[in-house]
Protein chains: 2
Amino acid sequence: MPVAKGSTIDPARTRAAILEAATAVLYERGLDGIGVAELCTRIGVSKETLYRHFGTKEGLVEAMLRQRSERVVQWLAAAAAAAGDDPRDQLAAVFDALQQWYDDPVFRGCAMLNAAAQHHVETVRAITARHLDRYLELLTGIAERAGATDPQVLGRQLLMLVEGATVVAAHHGGAGAGEHARHAALTLLSAAS
Amino acid sequence: MPVAKGSTIDPARTRAAILEAATAVLYERGLDGIGVAELCTRIGVSKETLYRHFGTKEGLVEAMLRQRSERVVQWLAAAAAAAGDDPRDQLAAVFDALQQWYDDPVFRGCAMLNAAAQHHVETVRAITARHLDRYLELLTGIAERAGATDPQVLGRQLLMLVEGATVVAAHHGGAGAGEHARHAALTLLSAAS
DNA sequence: CTCGGATCGTACCGATCGGTTCGACCTTGG
DNA sequence: CCAAGGTCGAACCGATCGGTACGATCCGAG
């Protein structure tokens, strides 16, 4: 479906639609795995329009990574919040949500880590670092509420489990990865409080 | 330093030297972050020589990933073996070795994972999967010798910790990552036996 | 009804890509 | 001492890259 014909009611809508469609394609093919020309035909938009909205391919990539990071973190936070007040339930809910993600046929690992692995550009690496920051914040919060002796350290260990589970799921098969990681996380949580 | 002048005593030596030098450059710059021409000048070899030995840039990448995977796994296995007979000591030694790696200024994450994140080629993904297999084998062996109830599951959880620690160290700062992961690993090992 | 702007499609740009070829050189084995 | 072959450096190839320019089209606001 073409993004728009002629003038669109709202240019911002066009930008959002491009971002949405480009995210899917770039995640599937890799940032350097598809050229701007083919990308444009795939998402049904002209190069001129894309470049007016994002200036540069890098600009598009950055906008997409920012949006994606935002969404993923909020999604996990929501899953935790929906699990009730018990920090253990919240932690379990995070890994259950991750397992859901791993089971998605289009799952190809963490988009931010994939991007940082290929683009050594500073802004991309900064977005990835910020992404891990927000993960860490979420997990440290759970550790604190669970009364961990050292919530900072436990949070970081849980972050490693989250990222490790994602890596293993992406490159070694995702079946049961979330469950195994959840079990390990709860063990660490028990031992640390 | 040029790899050789005129005919070399041993063409295999040339190939090994190219592999060695190319590995460092490609790891630093990313597989697609440098062209074959610049790569050749950087490592002091002509394109013709490189192409005769590896046929293709992909061929070079695959050879380099295979060698690298081999070395990393054997290095970790050696570190574990050198720690004595106690499985706990062996596990701790693995994470101490990892911390050493994280502290290396040229550390840029796991080369296999980085490669798999950008090249969707099947052979590259296969090398990465095989790499994780060997990691898993090492860790499961430790879990078995430690008398874990379910060595397969514990091995996979330890694999997640290893990969997670590497990801965090690469993208979020490596200080203390190995120690935190080691502590978590020993906690899991205790809880599982 | 007209005007301004968002869009399309296409052609085009210079640069770089991976890969090939060739003549000259050097070294080693016979 | 000479032939064989590994190597170099540079030229060269077609393809593709990210990015720009332009005329045509369409739509909404006045």
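Below, chains carry the letters A, B, ... as their sequence lines are ordered, and counting in each starts from 1.
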How close or far is atom [atom2] of [N] from atom [atom1] of [X], stated in whole angstroms?
{"X": "B/Phe54", "N": "C/dG19", "atom1": "CZ", "atom2": "C1'", "value": "16 Å"}
{"X": "B/Leu39", "N": "C/dG18", "atom1": "CG", "atom2": "P", "value": "9 Å"}
{"X": "A/Leu31", "N": "D/dG18", "atom1": "CG", "atom2": "P", "value": "11 Å"}
{"X": "A/Arg13", "N": "D/dG28", "atom1": "CZ", "atom2": "P", "value": "13 Å"}
{"X": "B/His119", "N": "C/dG18", "atom1": "NE2", "atom2": "P", "value": "9 Å"}
{"X": "B/Leu50", "N": "D/dT7", "atom1": "CG", "atom2": "C1'", "value": "13 Å"}
{"X": "B/Arg42", "N": "D/dC8", "atom1": "CZ", "atom2": "C1'", "value": "20 Å"}
{"X": "A/Leu60", "N": "D/dG19", "atom1": "CG", "atom2": "P", "value": "10 Å"}

Between [X] and [N], is there a side-chain N or O to OP1/OP2 distance below 4.0 Å?
{"X": "A/Thr56", "N": "D/dG19", "answer": "yes"}
{"X": "B/Thr14", "N": "D/dG6", "answer": "no"}
{"X": "A/His53", "N": "C/dT7", "answer": "yes"}

Item to complete: Measure across B/Val72 and B/Tyr135 and return the closest heavy-atom pair with its distance rounded to 0.1 Å.
Response: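 The pair with the smallest heavy-atom distance is CG1-OH, 3.2 Å.
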Any side-chain donor paired with an acceptor under 3.5 Å for [X] and [Y]?
{"X": "A/Gln90", "Y": "A/Asp86", "value": "no"}
{"X": "A/Glu58", "Y": "A/His119", "value": "yes"}
{"X": "B/Gln100", "Y": "B/Asp104", "value": "no"}

Worksheet, complete the sentence: Its contact letters, B for base, S for sugar-phosphate only and - for none at protein heavy atoms under 4.0 Å, make nucleotides 10-17 of chain C read -------S
Worksheet item: Cationic tip of A/Arg68 within the cone over A/Tyr27's six-membered ring, i.e. under 6.0 Å and within 45° of the normal?
Response: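 Output yes; distance and angle both within limits.
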Worksheet item: Going by the side chain to side chain donor-acceptor pair (under 3.5 Å) test, which pairs reach into residues 176-189 of chain B, not counting sequence neighbours?
Response: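 Only A/Arg156-B/His180, A/Gln157-B/His183, B/Asp96-B/Arg182 qualify under side chain to side chain donor-acceptor pair (under 3.5 Å).
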Discussion item. Just to verify, what does B/Ala146 make a side chain to side chain contact (heavy atoms under 4.5 Å, CB included) with, not counting sequence neighbours?
Written reply: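 For B/Ala146 the side chain to side chain contact (heavy atoms under 4.5 Å, CB included) partners, ignoring immediate neighbours, are B/Pro87, B/Leu189.
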